[in-house]
Visitor: 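Got a structure for you, written out below as structure tokens; questions coming shortly.
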Amino acid sequence: NAGVTQTPKFHILKTGQSMTLQCAQDMNHGYMSWYRQDPGMGLRLIYYSAAAGTTDKEVPNGYNVSRLNTEDFPLRLVSAAPSQTSVYLCASSLLAYNEQFFGPGTRLTVL
Amino acid sequence: ILNVEQSPQSLHVQEGDSTNFTCSFPSSNFYALHWYRWETAKSPEALFVMTLNGDEKKKGRISATLNTKEGYSYLYIKGSQPEDSATYLCASRFYFGTGTSLTVIP
């Protein structure tokens, strides 16, 4: 099993550009989540999905998410801003209170 | 949003010292408390999942306790080694504390 995979590993965007961060898991986990990690801030939840086809809460401004199937959970930056410069981590878990398995992360810089 | 707090923010200890960190979390509607270890250039990895009040978990030299009534958990490392250097995160569901960065000095 590959576990949780993320692409790309690094990316540089200009302000106003859009891009999609990819996340996939092969463990048949129901829950998938996106976090951002900024210095001194720990891991901050962006969004989580409980199952394919479900949206559980409002998506924060500047981001779009979709969960068309169990395996994939892409995060789209609609119009990138420098404040979105961060390391983005994707994770999955079988249920909400089970341990999460993390991907290797995407380091994103917005100029 | 759940307010999960950790202390201290960072810690430097000598090899062989024992140390402990604190995680506090809302005690209402408690499901589970997770501890993760996050080493530099790697992804966070789960250490413990704790669900019951009074739970004690142990993995080698690392152990953790849980008090769900008062909303705190302790992580203990006995006889710290340089390879224990990492950031230790606790989480309640999808909400993480800011972590404790541990540096073990040889």
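Numbered from 1 within each chain, the chains take letters A, B, ... in sequence-line order. What you see below is based on every heavy atom in this structure, not just the backbone, and it leaves out hydrogens, waters and symmetry mates.
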Visitor: I need the residue from B/P44, B/A46, B/G99 with the largest number of non-hydrogen atom pairs under 4.5 Å to chain A.
Guide: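 Ranked by heavy-atom pairs under 4.5 Å with chain A, first place is B/P44.
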Visitor: Ring-plane angle category for B/F94 and A/Y48, please: parallel below 30°, perpendicular beyond 60°, tilted otherwise.
Guide: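 Rings of B/F94 and A/Y48: parallel, under 30°.
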Visitor: Would B/L75 and B/L11 show up in the same hydrophobic cluster when neighbours are defined by side-chain heavy atoms closer than 4.5 Å?
Guide: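 Yes, B/L75 connects to B/L11 through the hydrophobic network.
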Visitor: Give a yes or no on whether B/K57 atom NZ has more than 12 heavy-atom contacts from other residues, nucleotides or ligands under 6.0 Å away.
Guide: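 Yes, because the 6.0 Å sphere around NZ of B/K57 holds more than 12 heavy atoms from other groups.
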Visitor: Is it true that B/Y74 and B/L66 fall in one hydrophobic cluster, defined by side-chain heavy atoms closer than 4.5 Å?
Guide: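 B/Y74 and B/L66: separate clusters.
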Visitor: Is there a path of hydrophobic side-chain contacts, each under 4.5 Å between heavy atoms of I, L, V, M, F, W or Y residues, that connects A/Y47 with A/V4?
Guide: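 Unlinked, A/Y47 and A/V4 end up in two clusters.
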Visitor: Pick one of side chain, backbone, both or neither for A/L89, based on which atoms fall under 4.5 Å of a heavy atom in chain B.
Guide: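 Contact with chain B involves the side chain of A/L89 alone.
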Visitor: Treat each ILVMFWY residue as a node, draw an edge where side-chain heavy atoms are under 4.5 Å apart, and state whether A/M32 and A/W34 are in one component.
Guide: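 Yes: a chain of side-chain contacts under 4.5 Å links A/M32 to A/W34.
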Visitor: Below 4.5 Å from any heavy atom of chain B, which atoms of A/Y35 appear? Answer side chain, backbone, both or neither.
Guide: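 Contact with chain B involves the side chain of A/Y35 alone.
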Visitor: Any idea how A/Y97 and B/Y31 line up, ring-wise: parallel (<30°), tilted (30 to 60°), or perpendicular (>60°)?
Guide: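 A/Y97 and B/Y31: parallel rings.
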Visitor: Non-hydrogen atoms of chain A under 4.5 Å away: do they reach the side chain of B/F48, the backbone, both or neither?
Guide: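 Neither part; nothing is under 4.5 Å.
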Visitor: Should B/W38 and A/F102 count as side-chain neighbours, where that means a heavy-atom distance under 4.5 Å?
Guide: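 Side-chain contact under 4.5 Å: no.
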Visitor: Shorter than 4.5 Å, heavy atoms on both sides: which option in A/A91, A/S93, A/G103 has the most such pairs with chain B?
Guide: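 Ranked by heavy-atom pairs under 4.5 Å with chain B, first place is A/G103.
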Visitor: Considering only heavy atoms, which portion of A/Q100 lies under 4.5 Å from any heavy atom of chain B: side chain, backbone, both, or neither?
Guide: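 A/Q100 touches chain B through backbone and side-chain heavy atoms alike.
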Visitor: If I compare all heavy atoms of B/V49 with all of A/E99, which pair ends up nearest, and what's the gap?
Guide: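 Closest approach of B/V49 to A/E99: CG2-CB, 3.9 Å.
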Visitor: Same cluster for B/Y95 and A/Y31 if Ile/Leu/Val/Met/Phe/Trp/Tyr side chains link at under 4.5 Å?
Guide: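 Yes, B/Y95 connects to A/Y31 through the hydrophobic network.
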Visitor: Other residues, nucleotides and ligands only: do more than 12 of their heavy atoms fall within 6.0 Å of CD on B/Q9?
Guide: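 Open.
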Visitor: Looking at CG of A/N98 and OG1 of B/T51, how far apart are the two atoms once the value is rounded to the nearest 0.5 Å?
Guide: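 Between atom CG of A/N98 and atom OG1 of B/T51 there are 10.5 Å.
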Visitor: Would one find more than 12 heavy atoms of other residues, nucleotides or ligands at under 6.0 Å from atom CG of A/N69?
Guide: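 Yes, because the 6.0 Å sphere around CG of A/N69 holds more than 12 heavy atoms from other groups.
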